[in-house]
Protein chains: 4
Amino acid sequence: MGTKATAGKTRERILDVSLAMFNDRGEPNVTTNHIADELEISPGNLYYHFRNKDDIVEHLFARYENSIDLAIVPPIDRLPTLEDIWMQLHKAFETMWEYRFIYRDLVDITSRNRKLRMHFARIIKRATANANEVLKGLTTAEIMRASRAEIEATATNIILVATFWMSFNSVRGGQLEKGSEDLTQGIFQVMMIIAPYLRDAERLHLNNLALTYVR
Amino acid sequence: MGTKATAGKTRERILDVSLAMFNDRGEPNVTTNHIADELEISPGNLYYHFRNKDDIVEHLFARYENSIDLAIVPPIDRLPTLEDIWMQLHKAFETMWEYRFIYRDLVDITSRNRKLRMHFARIIKRATANANEVLKGLTTAEIMRASRAEIEATATNIILVATFWMSFNSVRGGQLEKGSEDLTQGIFQVMMIIAPYLRDAERLHLNNLALTYVR
Amino acid sequence: MGTKATAGKTRERILDVSLAMFNDRGEPNVTTNHIADELEISPGNLYYHFRNKDDIVEHLFARYENSIDLAIVPPIDRLPTLEDIWMQLHKAFETMWEYRFIYRDLVDITSRNRKLRMHFARIIKRATANANEVLKGLTTAEIMRASRAEIEATATNIILVATFWMSFNSVRGGQLEKGSEDLTQGIFQVMMIIAPYLRDAERLHLNNLALTYVR
Amino acid sequence: MGTKATAGKTRERILDVSLAMFNDRGEPNVTTNHIADELEISPGNLYYHFRNKDDIVEHLFARYENSIDLAIVPPIDRLPTLEDIWMQLHKAFETMWEYRFIYRDLVDITSRNRKLRMHFARIIKRATANANEVLKGLTTAEIMRASRAEIEATATNIILVATFWMSFNSVRGGQLEKGSEDLTQGIFQVMMIIAPYLRDAERLHLNNLALTYVR
DNA sequence: TATGAATGAGAATTCATTCAT
DNA sequence: CATGAATGAATTCTCATTCAT
């Protein structure tokens, strides 16, 4: 009792600390010894719980995949509203922020690991399909007007902007990461891709929000 | 004489070969010994010409910065047309493709090197400002209609999509890289951000192109 | 009760499974965790029953020593026949095959463990003495003709060939191990060391067998 | 100048020291760091000269293969004599002794490395064929009398005894290795496999030698 | 300019063994 | 008897970088 770890505790701590360190410094810059040091456990113990470093990454990714899958479920049995989109984006950006290390070195990580590559491609495909559905729903609900081609291109752009918003933000300089406020701007940027397709009322509404968010 | 290198020749070859290898395998996966091997020179000689690996990266980046600066100069003394945008995007995407290694590991590279970080931020800022100018010009020319807030958000989105198009493409799976055709789709995706703001004629034109390009 | 192990049961299972795994993959390539895994017990439990890995090896060796001691007892109170030799070799080779892991890494194992070194030397000494006895017996029975010096050298050769037959077979390539047939050839090879000392009738008999066995 | 290594010197020193240490302690018990330490060079330098530990082993093996190939060339254009056999065995045993680490862990080494496995099998095949030739030659020269089947079995036994003589010697205890005298006994043991097939004069000659060598 | 041998601090991973429960 | 988490020294190998020539 006390400092002694109970079942599964260390395993979870490894994942938690790894996640924090990966998010902080980037996965390629965090070694398994760093992680063990930070946890004050031996490297051997870390390898008792995970086969190798990639195993840790894969488990974190699986966690992420579960979360993001929940975040991008479209409303069932009714047409979507703009509010739904705000909500979905919020949940998605939150989740992505939690696992931002994946996005920081996305190309490198997916090119090194076949499993992650396949799963990430699946997430993108699913997210794009969902975006498409939602846009179609908005059109059916006559909240926006767009051709089929416009909807397709727009869905892709939405996912691209969402996927790389955090990277873009860190890369365009200024302050490094202040978290929530930046995310909100990311959400707003995505909304602004849809904006011009909206009816005047909604478009005006977004325009006013813009004054608050755009940097 | 004969095999003797003329002034600056080896130096340039190092840059050329490094660029090719970085683009091919990603900068983190290319060691200085790989480069020397490929060039059939000694590692010592490589370090005679460049202080360290980052020095090579920085020089390549400087090259890139020059090229991209030329690519994103707006037309002077007249209002821009849609054709201008196609042209600019083409030049920009070509240049980015030439130096695609920068974009493959963008966050990692910029986060570990202050100089690159500052310079890349400057490029983004400049590109965004230029996009802003062009959009304003299109508005003045009454080719498109958009509020100031919409223009700002759209400029940012344009730069973001352009910046990460190649990454997005490699990360969403499917075929790896077939080059020019993918770039064309990237350009198209950028255009589709502007599309809904255009007058009907131009909008329709883009929509028709969509049928060809969107995947 | 029920799943509860009876006294000595786990201990025996450890020995049995270790033997099987050592034979299969070679002792140096089997870790204590492999063994525990295979047994579906904990490594801690394994170390409750045995002080360390070498302790397991030593116990297996003791088992082997008992078996082989039984196999190489010469016929008492009568002179040996060729049939006796076939029988003895059969029993010896069977026993060695059962504990073939010892022979696979013989030098390594005996050089790092004093106890095993002494015991194995004893086995060799005993086996050689026995071979000597038998050859002398055959000579007395006038089944073969050989000088004392020839008998001594031949006894040593017999033991050497028997000791390393399995290694030789695996090392000279061809098929890996098909077990019984290979053993039979080993026995035959040993017999052929004796052959030229035999009377014509027996020598001819062995020669005919040769056509079947030699590869 | 002086302690500075000239071209190829370090490479050869690595091979020489590795060989000495492998022979001494057995290849599995010598780490690359041990070797570097002994040589007073950095591990990095060792890996500059050889791709990995196996690369060192393979180069030593190649050296050995060259030497042994020279040792087992049969006399051309005339029938062999017993003297030829003594000479050949001498050369072969000397060479094997020089590279005795190969024989110490023969099964382990060849089972881990495909290349060595193939090459060693080739050596055995070649040596056996050569033994066969020589025995046939002796028969033709009427120095010995043996059937074809006897020759085949005897050739195999000769190679087996030669291959494992050193292992047998270290494993049967007594003093560990005193080198040359042990080798001479090994040669003698091989000769004693041939002895009973010889004409009386030669057989007697060998018998007398026996009194000196057999332990 | 150029060579190429050399460095050395790590990186990931393994494995016999221990120990609190 | 049994668990299973934990240890830590060791092992192979890498790579940016230096330096005598």
Side-chain angles (χ1 to χ4, degrees), chain A residues 1 3-11 28 30-36 39-55, chain B residues 3-11 28 30-36 39-56, chain C residues 3-11 28 30-36 39-56, chain D residues 1 3-11 28 30-36 39-55:
Chain A
M1 199 208 88
T3 58
K4 190 63 178 63
T6 27
K9 196 126 164 222
T10 298
R11 196 165 206 281
V30 177
T31 75
T32 50
N33 280 340
H34 285 154
I35 299 170
L39 283 160
E40 297 185 87
I41 66 174
S42 63
N45 195 12
L46 190 149
Y47 278 85
Y48 171 77
H49 289 286
F50 294 93
R51 288 202 320 283
N52 49 41
K53 196 187 172 191
D54 255 35
D55 195 22
Chain B
T3 59
K4 193 66 175 56
T6 0
K9 192 132 168 223
T10 299
R11 203 181 151 77
V30 177
T31 74
T32 50
N33 280 333
H34 285 154
I35 300 171
L39 282 161
E40 296 183 271
I41 67 172
S42 63
N45 194 12
L46 192 150
Y47 275 83
Y48 170 81
H49 289 287
F50 293 93
R51 289 199 327 280
N52 50 39
K53 196 186 174 190
D54 254 34
D55 195 20
I56 298 176
Chain C
T3 59
K4 192 68 174 55
T6 1
K9 192 131 168 222
T10 297
R11 202 181 153 75
V30 176
T31 74
T32 51
N33 279 332
H34 284 154
I35 300 171
L39 282 160
E40 297 184 88
I41 67 173
S42 64
N45 194 12
L46 190 149
Y47 276 82
Y48 171 81
H49 289 286
F50 293 92
R51 290 201 323 282
N52 50 39
K53 196 186 173 189
D54 254 34
D55 195 20
I56 297 177
Chain D
M1 205 207 84
T3 58
K4 191 62 180 61
T6 27
K9 197 127 166 223
T10 299
R11 195 164 207 280
V30 177
T31 75
T32 51
N33 280 342
H34 286 154
I35 300 171
L39 283 160
E40 299 185 88
I41 65 173
S42 64
N45 195 12
L46 191 149
Y47 278 86
Y48 171 75
H49 290 286
F50 293 93
R51 288 203 319 283
N52 50 41
K53 196 188 172 190
D54 254 35
D55 194 22

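Protein chains get the first letters and strands the later ones, always in sequence-line order, with residue 1 at the start of each.
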*Would you mind reading off the distance between His49(B) atom NE2 and dT3(E) atom C1', rounded to a whole angstrom?*
12 Å
*For Asp55(B) and dA16(F), give me the distance from atom CG to atom C1', rounded to whole Å.*
13 Å
*Round to the nearest Å and state the distance from Asn33(C) atom CG to dT3(F) atom P.*
13 Å
_Asn45(C): partners by side-chain contact (heavy atoms from CB on, under 4.5 Å), with sequence neighbours left out_ = Thr10(C), Ile41(C), Ser42(C), Tyr48(C), His49(C)
*Any chance you could encode DNA chain E as dot-bracket? Rule is Watson-Crick or G-U wobble with both distances under 3.5 Å; [ ] for pairs crossing earlier ones, | for another strand.*
.||||||||||||||||||||
_The side chain of Tyr47(C) is closest to which nucleotide in this list: dA16(F), dA5(E), dT18(E)?_
dT18(E)
_Atom pair distance, as rounded to whole Å: CG in Leu39(A) and P in dA6(F)_ = 10 Å
*When the nearest nucleotide of DNA chain F is assigned to Pro28(D) and to Arg11(A) on a heavy-atom basis, which residue is associated with the more 5' position?*
Arg11(A)
*Whole Å only: how far is the CZ atom of Phe50(B) from the C1' atom of dT18(F)?*
18 Å
_Could you tell me how far apart Asn52(D) (CG) and dT12(F) (C1') are, to the nearest whole angstrom?_
9 Å
Tabulate atom names and distances for all N/O pairs under 3.5 angstrom spanning the protein and nucleotides 7-9 of chain E.
from: dT7(E); atom 1: OP2; to: Ser42(D); atom 2: N; distance (Å): 2.9
from: dT7(E); atom 1: OP2; to: Ser42(D); atom 2: OG; distance (Å): 3.2

_Nearest-Å distance for atom pair CG/C1', residues Asp54(C) and dA16(E)_ = 11 Å
*Integer-rounded Å distance: dT17(E) C1' and Ile35(C) CD1*: 13 Å
